[in-house]
Number of protein chains: 2
Amino acid sequence: MTARITDVARAAGVSASTVSRALRGRAGVSDEVRAQIAAVAAQLGYTASRSASSLASGRTYTIGVVAPYIGRWFFGTVLDAAEQVFSAAGYDVLLYNLGSPEARKRFFTKLPVRKRVDAVLSLLIPDEDESAALRSLGVPLASTVGGPRPGFTVVGIDDRAGAESAVRHLVNLGHRRIGMVSGASGPLHWTTPVDRRTAYLHVLAEAGIEPDPALVADGDYTVDGGERAMTELLAASRPPTAVFAQSDEMAMGALRALRRHRLRVPDDVSVVGFDDHELADVVGLTTVAQPVAGQGAEAARLLLRQLDEPDAEQPGHVQMPIRLVLRETTAPPRPRGPQ
Amino acid sequence: MTARITDVARAAGVSASTVSRALRGRAGVSDEVRAQIAAVAAQLGYTASRSASSLASGRTYTIGVVAPYIGRWFFGTVLDAAEQVFSAAGYDVLLYNLGSPEARKRFFTKLPVRKRVDAVLSLLIPDEDESAALRSLGVPLASTVGGPRPGFTVVGIDDRAGAESAVRHLVNLGHRRIGMVSGASGPLHWTTPVDRRTAYLHVLAEAGIEPDPALVADGDYTVDGGERAMTELLAASRPPTAVFAQSDEMAMGALRALRRHRLRVPDDVSVVGFDDHELADVVGLTTVAQPVAGQGAEAARLLLRQLDEPDAEQPGHVQMPIRLVLRETTAPPRPRGPQ
DNA sequence: CTGTTAGCGCGTTCAA
DNA sequence: TTGAACGCGCTAACAG
């Protein structure tokens, strides 16, 4: 079997406590003894059992990360960046993928992270009960999505400002019939789509454009959903000359739908996305760029800092910069519109 | 604090052992006592401490997943699917993102999963030493990449057949100057790019085409790398009329490079990818489709079966189906080639 | 600076 | 069917 702490202690001719102190870099061990122990431990291939040490110390050196749909670019990228920060600091990551309602319910009722993690990073927006459940863990909490919430350190962007810049861009190009492929309107307590919709309506009002319900469709934050939504918009009696998609993946689905309808972008229809997806550049998508990996890394760092200095002041909300990236899917409307 | 097993025992008027047995569904507890205990536990919000129970039992109900670059579509998708299978079976997932050489080295020397996981799923191809390190954990091992390896259950595809079908497609269209954007040729012991390269050379030989080293460039499995590689190929004295990219992400980078050079696809240059990325459809990319999520889910299932029935026969290698998907980035070469 | 003692919260014998 | 005793491997508090 694998070596235990007493094996190292015996081989080094010291007590188990000394080995423990030496290996964890705690003070109170002479340099030579420490070096000796390190050598013996390395030779025996000794690693302290996390179960045992966390049982004894109460610290787990593990961070719980809860996410919906890891396969989605946005979440995968955030997770990737956060994981790097955590593991560089010696923390492991316990991942919970809560895409399905059952998985989500199971997680929040059983709360398998209880006593298993030192902190939680949430990539999803919990509702009131879920928030309370997380707070009951008694560990630092952070999130990279949604607005400020009590008990959480939230690293996000100004969704309204971002969406406004996208829609305003279309207005400035001269579009009047501006559609929107919105995010999931489902039971998720997701403020993002709401904020972006508010921004959309706000800019239309500002420009004196009457909103048309037939020009808004739900794209469920997926490529396929975006395609369906765009198809729906194109079926309107007076289809849009420009569309704001609340995510790049939906925007790409919209592009696919347009291609299938033999409509040209941006000649017939302009499209703006949101995220600056890794592949947005490939398809020439105009979009609102946000620092996705940056948000994951920053949230991770803030969590680690809370762990290191529990008493230090913590920002409740950090806002990262956004910017409109102009590419090739937007242009002024054609004189007479599509068809 | 959170309730411990003795709290439940006291409240239910039984001993801790009985609570333990009752809650884990072990035999030897009367139905009424079991129901009573379940009620009390639920009311107290009791969940057994994973640290304590794994220390006592040796089982962790945790699976370690090691991956490079979770942010990459392929790995994110595999991970997503695998996680769903694991969590549905009551297992947690410990994620290790080993993108950087330092992270990778740290992981394999310290082996933080020792005594922490019941099994390991590897999304990367370990070299000999790394394989040995994983085997030394003494737990079931599975992988979704590369070829068969001792000690591992590998769920993969026939890389050679897949690459051959892609290159043969180009040959059949009439192309003679066929380039390749290959995968990382770095220190990773990654048999995939080697297999795909072998297939490429094999098909060329079969067609009586002399391979030209100037028509092969390394794209590092990234979009940016694919763009660089394509740019390199275009700088050749006689550039290719068709290109096989070893991944869709590199193919998309190649498309971007072509667009920047004002070359049209497929009129000037044909492009074939590999993976059938979620967005391949959006850009109309012809590619070799493989069941990515399917591989993750299947590997996870095989791992769980090994945990349930340690003595059952296990397949060492499972091959999933592939197929060439024809879209719009491939066509016969123009009579006189580009320029 | 180092060793000894006493748990951390469970699961698992063994008796009853 | 149940309970008491023990130990999983480690860290923390206390001596020395």
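Just so it is clear: chains get the letters A, B, ... in the order the sequence lines come, proteins before strands, and each one is counted from 1. The figures that follow rest on heavy atoms only: side chains count, while hydrogens, waters and symmetry mates do not. The structure presented is a predicted model; accordingly, all values stated were derived computationally and were not measured.
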Nearest to the [X] side chain among [options], which nucleotide is it?
X: A/S15; options: D/dC8, C/dG3, D/dT11; value: C/dG3
X: B/V29; options: D/dT11, D/dT2, D/dC8; value: D/dT2
X: A/R24; options: C/dT2, C/dC10, D/dA12; value: D/dA12
X: B/S57; options: C/dG11, D/dG9, D/dG3; value: C/dG11
X: B/S49; options: C/dC10, C/dG7, C/dT12; value: C/dC10

- Task: Assign B/R26 to base, sugar-phosphate, or nothing according to its heavy-atom contacts below 4.0 angstrom with the strands shown.
- Result: sugar-phosphate
- Would you say a side-chain N or O of B/S30 is under 4.0 Å from OP1 or OP2 of D/dT2? yes
- Could you give the distance from CZ (A/F74) to CG (A/L123), rounded to the nearest 0.5 Å? 8.0 Å
Rounded to whole angstrom units, what separation is found between the [atom1] atom of [X] and the [atom2] atom of [N]?
X: B/Y46; N: C/dG11; atom1: OH; atom2: C1'; result: 10 Å
X: B/R4; N: C/dC8; atom1: CZ; atom2: P; result: 7 Å
X: B/I5; N: D/dG7; atom1: CD1; atom2: C1'; result: 15 Å
X: B/R114; N: D/dC10; atom1: CZ; atom2: P; result: 12 Å
X: B/R59; N: D/dC8; atom1: CZ; atom2: C1'; result: 16 Å
X: B/L55; N: D/dC8; atom1: CG; atom2: C1'; result: 4 Å
X: A/L23; N: D/dG9; atom1: CG; atom2: C1'; result: 14 Å
X: A/I37; N: C/dC1; atom1: CD1; atom2: P; result: 13 Å

- Query: Hey, does the side-chain of B/R21 have a donor or acceptor N/O within less than 3.5 Å of a partner on the base of D/dG3?
  - Reply: yes
- Task: Go through the N and O atoms of the side chain of A/S17 and the base of D/dA12, and report whether any donor-acceptor pair is under 3.5 Å.
- Result: yes
- Query: Does a side chain donor of either A/R149 or A/S131 reach within less than 3.5 Å of an acceptor in the other side chain?
  - Reply: no
- Message: Within the 3.5 Å criterion, strictly below it, is a donor on B/R116 or A/T47 matched to an acceptor on the partner's side chain?
- Response: no
- Query: If you fit an axis to the five pairs at each end of the helix from C/dC1-D/dG16 to C/dA16-D/dT1, how big is the angle between those two axes, to 10 degrees?
  - Reply: 30°
- Query: Any cation-pi pair here, A/R104 with A/F108, using under 6.0 Å and within 45°?
  - Reply: no
- Item | Charged N-O contact under 4.0 Å between B/E298 and B/R301 | yes
- Query: Are A/D308 and A/R305 ion-paired here, with the side-chain N under 4.0 Å from a carboxylate O?
  - Reply: no
- Task: With the side chain counted from C-beta on, respond yes when B/P140 and B/T153 share a heavy-atom pair under 4.5 Å apart, and no when they do not.
- Result: no
- Closer to the 5' end of DNA chain D via nearest nucleotide, is it A/A16 or B/A52? B/A52
- Item | Other residues, nucleotides, ligands: >12 heavy atoms within 6.0 Å of A/Q43 CD | no
